Amino acid sequence: MSRRLLVALILVALLGVLIWSSGSELAKLDYAKLPGRATWQLPDRVIASLGLKPGDRVADIGAGDGYFLFPLAEAVGPAGRVYAVEVDEHLVRDLEKQAQLKDLPNVEVIHGELDDPRLPDEGVDLVFLCNTYHHIEGRVEYFANLRVDLSPGGRIAIIDMRDDLAGIARLFAHRDHWTPRKTLHDEMNLAGYHHLRSFEYLPVQIFETFSPQN
Ligand SMILES: C[S@@+](CC[C@H](N)C(=O)[O-])C[C@H]1O[C@@H](n2cnc3c(N)ncnc32)[C@H](O)[C@@H]1O
């Protein structure tokens with residue numbers, strides 16, 4: 001083996017070790033912004049699983065750069081409404097611009113508070129969160145308060161990174177950005193919800209739905 005090849009192999013191995021350890025700088029890569037997210041996020045299948053109807057009102061809490069927001073807006077159609085809730089002012093402005101550019105009057109961007117999404121009472125048929133649940137502090141209180149925003153029959157769908165990933169998939173769960181399924185169920189139960197369904201097809205995330213207990 002040539003000296004150059006050996007050095008290259010050592011460098012690649014070192015890089016691998018760096019990436020592997022989830023506390024490393026490289027592990028802080030924003031995987032969600034890398035090309036190819038659709039290959040593991042399966043957005044079309046997720047949207048289909050939500051069972052939305054034209055005219056439904058949906059809240060995308062922690063809408064980020066709008067990855068799910070715009071497919072959600074398409075699913076509920078012009079008679080529906082999608083509330084894009086963000087706490088980051090820069091993202092709020094960007095989402096407003098995107099909604100305008102895409103000519104989507106059914107999208108309303110809400111600058112939420114950390115502890116309050118500022119949704120209309122009984123105004124939402126589905127609350128959706130993708131990769132946002134673990135960011136929220138005081139989750140039991142947050143979701144207990146959210147009950148008043150759900151319409152009768154309203155649901156919550158939560159997608160978050162799995163905590164039990166192994167091998168290269170661990171890259172997806174960097175910086176404690178995940179939620180164990182049991183934690184999610186326990187907290188939602190304490191907040192006054194019962195579990196409706198688990199969707200098992202996402203390779204690196206849990207996908208769970210809940211509705212308010214009576
Ligand atoms: C990892 S990003 C997910 C973005 C998007 N849902 C996606 O899947 O691409 C999490 C987002 O949640 C937002 N966020 C964090 N805490 C929040 C809160 N309490 N209410 C609303 N948004 C929040 C952050 O500003 C960030 O944009």
Side-chain angles (χ1 to χ4, degrees), residues 22 27-50 52 58-76 82-99 102 104 107-120 123-124 126-150 156-163 165 170-179 183-184 187-188 191 199 201-209:
S22 59
K28 291 176 187 169
L29 276 173
D30 192 348
Y31 56 83
K33 290 205 167 65
L34 294 174
R37 177 172 177 185
T39 59
W40 54 269
Q41 189 62 85
L42 309 177
D44 295 347
R45 195 160 172 195
V46 168
I47 296 287
S49 298
L50 296 174
L52 292 166
V58 182
D60 182 3
I61 296 185
D65 63 3
Y67 184 85
F68 272 109
L69 175 64
F70 300 106
L72 287 169
E74 199 182 320
V76 299
V82 185
Y83 300 104
V85 182
E86 250 306 329
V87 289
D88 180 312
E89 196 170 337
H90 174 73
L91 289 173
V92 166
R93 302 285 157 256
D94 186 60
L95 289 166
E96 282 170 345
K97 260 191 232 154
Q98 282 199 67
K102 292 178 203 280
L104 288 170
V107 170
E108 184 176 327
V109 184
I110 297 178
H111 194 170
E113 303 280 354
L114 284 171
D115 59 354
D116 180 3
R118 292 173 151 170
L119 291 165
V124 184
L126 176 79
V127 168
F128 175 80
L129 293 91
C130 181
N131 295 346
T132 298
Y133 186 83
H134 62 265
H135 283 282
I136 293 175
E137 287 174 23
R139 293 188 288 253
V140 171
E141 201 184 344
Y142 185 95
F143 285 95
N145 293 337
L146 200 75
R147 283 178 53 127
V148 297
D149 303 329
L150 287 173
I156 300 192
I158 298 174
I159 294 176
D160 216 3
M161 286 298 163
R162 287 169 44 171
D163 66 322
L165 297 171
R170 273 193 60 199
L171 269 178
F172 286 85
H174 62 278
R175 285 183 290 170
D176 299 341
H177 284 206
W178 65 75
T179 306
T183 303
L184 172 63
E187 289 176 352
M188 290 303 281
F199 294 94
Y201 56 80
L202 292 175
V204 294
Q205 292 157 306
I206 52 172
F207 179 5
E208 310 286 311
T209 58

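Note that ligands are numbered from 1 as they come in the structure, with each ligand's atoms numbered from 1 the same way. The structure presented is a predicted model; accordingly, all values stated were derived computationally and were not measured.
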Checklist entry - Relative to the heavy atoms of Gly64, which atoms of ligand 1 are at a distance of less than 4.0 Å? => result 4 (C), 27 (O)
Next on the checklist: Quick check on contacts: which atoms of ligand 1 are under 4.0 angstrom from a heavy atom of Thr132?
Outcome noted: 3 (C), 6 (N), 10 (C), 11 (C), 12 (O)
Checklist entry - With a 4.0 Å cut-off on heavy atoms, does Arg37 reach ligand 1? => result yes
Checklist entry - Which ligand 1 atoms, with their elements, are less than 4.0 angstrom from a heavy-atom of Ile136? => result 19 (N)
Checklist entry - Is Ala63 in contact with ligand 1, taking contact as a heavy-atom separation below 4.0 Å? => result yes
Checklist entry - Would you say the side chain of Leu69 lies within less than 4.5 Å of the side chain of Val82, judging by non-hydrogen atoms? => result yes
Checklist entry - Within the structure, does His135 bring an N/O atom to less than 3.5 angstrom of an N/O atom in ligand 1? => result no
Item to check | Worked check of side chain to side chain contact (heavy atoms under 4.5 Å, CB included) between Val148 and Leu146 | outcome: CA-CA 5 Å; Val148 297; Leu146 200 75; over 6 Å; no
Checklist entry - Can Phe207 and Val46 be said to form a side chain to side chain contact (heavy atoms under 4.5 Å, CB included), step by step? => result CA-CA 9 Å; Phe207 179 5; Val46 168; 4.1 Å; yes
Item to check | For ligand 1, the portion of Leu91 having any non-hydrogen atom under 4.0 Å away | outcome: side chain
Item to check | Atom indices of ligand 1, in the order listed, that fall short of 4.0 Å to a heavy atom of Tyr67 | outcome: 9 (O)
Item to check | Derivation and outcome, side chain to side chain contact (heavy atoms under 4.5 Å, CB included), residues Leu119 and Ile110 | outcome: CA-CA 8 Å; Leu119 291 165; Ile110 297 178; 3.9 Å; yes
Item to check | Aromatic ring pairing His134/His177, orientation class (parallel under 30°, perpendicular over 60°, tilted between) | outcome: tilted
Next on the checklist: Does any N or O of ligand 1 fall below 3.5 Å from an N or O anywhere on Leu114, backbone included?
Outcome noted: yes
Next on the checklist: Is it the case that the ring center of Phe143 lies less than 6.0 angstrom away from the ring center of Tyr133?
Outcome noted: yes
Next on the checklist: Only heavy atoms of Glu86, strictly under 4.0 Å: list the atoms of ligand 1 that pass.
Outcome noted: 11 (C), 12 (O), 13 (C), 24 (C), 25 (O), 26 (C), 27 (O)
Next on the checklist: Distance alone, cut at 3.5 Å: any donor-acceptor contact between the side chains of Asn131 and Gln205?
Outcome noted: yes
Next on the checklist: Checking the N or O distance criterion of under 3.5 Å, is ligand 1 in contact with Phe68?
Outcome noted: no
Next on the checklist: Take a 6.0 Å sphere around CD of Glu74 and say whether it holds more than 12 heavy atoms from other residues, nucleotides or ligands.
Outcome noted: no
